[in-house]
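To start, the structure under review is shown below, and the notes come after it.
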There are 2 protein chains.
Amino acid sequence: MWIPIQLNEQSAEPMYYQIEVQLRALIVSGQLAEGSLLPSIRELAQTLKCSVITIRRVYQDLENEGLLRTRQGTGTYVAKVGDEMRDVHRRSAVIEALEAAVDAGIRVKCSDQEMLDMLLDVLKRRRERVSSGAEGGE
Amino acid sequence: MWIPIQLNEQSAEPMYYQIEVQLRALIVSGQLAEGSLLPSIRELAQTLKCSVITIRRVYQDLENEGLLRTRQGTGTYVAKVGDEMRDVHRRSAVIEALEAAVDAGIRVKCSDQEMLDMLLDVLKRRRERVSSGAEGGE
DNA sequence: TATACTGTATATATCTTTATACACAGTATA
DNA sequence: TATACTGTGTATAAAGATATATACAGTATA
């Protein structure tokens, strides 16, 4: 009934958005199994020290994306999504971000090779940071 | 005295932001030479059918980034920036976007290889689109 | 110095985003 | 059926983003 979500008060990202991003990732990566019962909106609101309405919004947004299923009086569950569909969801956030990066690259006349090199660079830096313990996936 | 900037009215991106992104790219990619005199804020405002204050904001933001130099009564010029510094500027927008993509990927447990493949995919699709004439860099 | 161009500062209108309280409604069960 | 949980709908507060008009100030030059 507990789920690993961490809010960063410093970040400019709004609360509801931080929660959505993290919860969505937990679902589409399979870390939250289909059919799992999520914490009630009141419980999660208390845990994250925000209002019930904020959590409500998150659950509703993700339900509109087809990732959650909600029943008044009972609770909110991880929806059953086909493997194929889940992989689409899983990749789409990454793809969109990559498309934005490619757009930026094209505007400043980056070659494909240059962009690949930059991605390798970013990946390398991230892995160094993670392995040195500054940050961890879970 | 004319610069190639195109506003997309449909886009959710605010005008000032669209202008900034395009003008910044023109500068850091060297398409606008150091020392070039830009159109006056009134002239560009008229061309783009927006208010003088909007252009003023763009010029001021880019001046704060060190890309423009402005003198009241005279006009606004492309600043002289060292080659090294210009390349930092040129790459930074791309790098930041790539970092966001990598963050998204890590959250959904993408392997490095998977991310590289996705980037290659996006690049391939973009190049197909461009070569078929749907869109052009300049 | 008059004038016609530059950028600048102040004040403000409008809209959107973010977050909230509180009263309402469905469900399970002791 | 009483009660103690679930989610829902309405109305609104507060802050921030976006874009603007208008009056002001510096600069060049006929």
Side-chain angles (χ1 to χ4, degrees), chain A residues 1-3 5-24 27 32 35-79, chain B residues 1-3 5-24 27 32 35-79:
Chain A
M1 207 59 169
W2 174 86
I3 51 176
I5 288 181
Q6 292 197 321
L7 287 186
N8 176 0
E9 287 294 334
Q10 314 314 317
S11 165
E13 309 269 70
M15 273 191 290
Y16 86 92
Y17 185 77
Q18 293 186 44
I19 303 172
E20 278 188 17
V21 167
Q22 294 180 49
L23 186 49
R24 188 183 297 111
I27 296 170
L32 270 174
S36 304
L37 174 63
L38 266 52
S40 80
I41 57 177
R42 285 171 182 82
E43 186 182 345
L44 188 51
Q46 194 166 12
T47 304
L48 298 180
K49 297 183 205 325
C50 67
S51 111
V52 166
I53 290 92
T54 299
I55 304 299
R56 157 80 168 137
R57 171 178 184 176
V58 170
Y59 282 6
Q60 195 165 250
D61 287 349
L62 294 185
E63 180 168 26
N64 289 339
E65 293 176 22
L67 296 178
L68 294 181
R69 189 172 53 83
T70 236
R71 263 181 49 206
Q72 185 170 355
T74 302
T76 300
Y77 301 82
V78 176
Chain B
M1 206 59 169
W2 173 86
I3 51 175
I5 287 181
Q6 291 197 322
L7 286 185
N8 177 358
E9 287 294 335
Q10 315 314 318
S11 166
E13 308 269 68
M15 273 189 291
Y16 85 91
Y17 186 78
Q18 292 185 44
I19 303 171
E20 278 188 17
V21 166
Q22 294 180 49
L23 185 49
R24 188 184 296 112
I27 296 170
L32 271 174
S36 305
L37 175 63
L38 266 52
S40 79
I41 57 177
R42 285 172 182 82
E43 187 183 344
L44 189 50
Q46 195 166 10
T47 304
L48 298 181
K49 297 183 206 325
C50 67
S51 110
V52 166
I53 290 93
T54 299
I55 304 299
R56 157 78 168 138
R57 171 176 183 175
V58 169
Y59 283 4
Q60 195 165 252
D61 287 348
L62 295 184
E63 180 168 27
N64 289 339
E65 293 176 23
L67 296 177
L68 294 181
R69 190 171 53 83
T70 237
R71 264 182 51 207
Q72 186 170 356
T74 302
T76 301
Y77 301 82
V78 176

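Small disclaimer: the values here were computed from a predicted structure and weren't measured. So that the names make sense, note that chain A is the first sequence line, chain B the second, and so on, each numbered from 1.
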Quiz item: Quick one: A/Ile55 CD1 to D/dT6 C1', roughly how many Å, whole number?
Solution: 15 Å

Quiz item: With both distances kept under 3.5 Å, what pairs with C/dC15, Watson-Crick or G-U wobble?
Solution: D/dG16

Self-check item: Contact check, side chains of A/Tyr16 and A/Ile55, non-hydrogen atoms, under 4.5 Å
Solution: no

Practice problem: Mind calculating the distance between CD (B/Gln60) and P (C/dT8) to the nearest angstrom? | Solution: 7 Å

Practice problem: Round to the nearest Å and state the distance from A/Leu44 atom CG to D/dC5 atom P. | Solution: 17 Å

Output a table of nitrogen or oxygen pairs between the protein and nucleotides 19-29 of chain D separated by less than 3.5 Å.
| unit_1 | atom_1 | unit_2 | atom_2 | d |
| --- | --- | --- | --- | --- |
| D/dA19 | OP1 | B/Met15 | N | 3.1 |
| D/dA19 | OP2 | B/Tyr16 | N | 3.4 |
| D/dT20 | OP2 | B/Ser51 | N | 2.9 |
| D/dT20 | OP2 | B/Thr54 | OG1 | 3.0 |
| D/dA25 | N3 | B/Gln72 | NE2 | 2.7 |
| D/dG26 | O4' | B/Gln72 | NE2 | 3.3 |
| D/dG26 | N2 | B/Gly73 | O | 3.4 |
| D/dT27 | O3' | B/Thr74 | OG1 | 3.4 |
| D/dA28 | OP1 | B/Arg71 | NH2 | 3.1 |

Quiz item: Quick one: are A/Leu68 and A/Tyr77 in side-chain contact, heavy atoms under 4.5 Å?
Solution: no

Self-check item: Nearest-0.5 Å distance that lies between atom CG in A/Leu48 and atom CG in A/Leu7
Solution: 5.0 Å

Quiz item: D/dA17 P sits how many Å from B/Glu20 CD, rounded?
Solution: 13 Å

Practice problem: Could you check how far CG of A/Asp61 sits from P of D/dT8, rounded to whole Å? | Solution: 12 Å

Quiz item: Can a salt bridge be assigned to the pair B/Arg24 and B/Glu65 using a cut-off of 4.0 Å between side-chain N and carboxylate O?
Solution: yes

Self-check item: B/Glu63 CD - C/dG7 P separation (whole Å)
Solution: 11 Å

Practice problem: Using a 4.5 Å cut-off on heavy atoms from C-beta on, say whether the side chain of B/Thr74 contacts that of B/Leu37. | Solution: no

Quiz prompt | Who pairs with D/dA30 - Watson-Crick or G-U, where each distance is under 3.5 Å | solution = C/dT1

Quiz item: According to a strict under-4.0 Å criterion, is A/Thr70 in side-chain N/O contact with OP1 or OP2 of D/dT6?
Solution: no

Self-check item: Side-chain heavy atoms of B/Asn8 within contact of B/Glu13, under 4.5 Å
Solution: no

Practice problem: Provide, to the nearest angstrom, the distance between the CG atom belonging to B/Leu7 and the P atom belonging to D/dT18. | Solution: 14 Å

Quiz item: Whole-Å distance between C/dT10 P and B/Arg56 CZ?
Solution: 11 Å

Quiz item: A/Ile3 versus A/Leu32: any side-chain heavy-atom pair under 4.5 Å?
Solution: yes

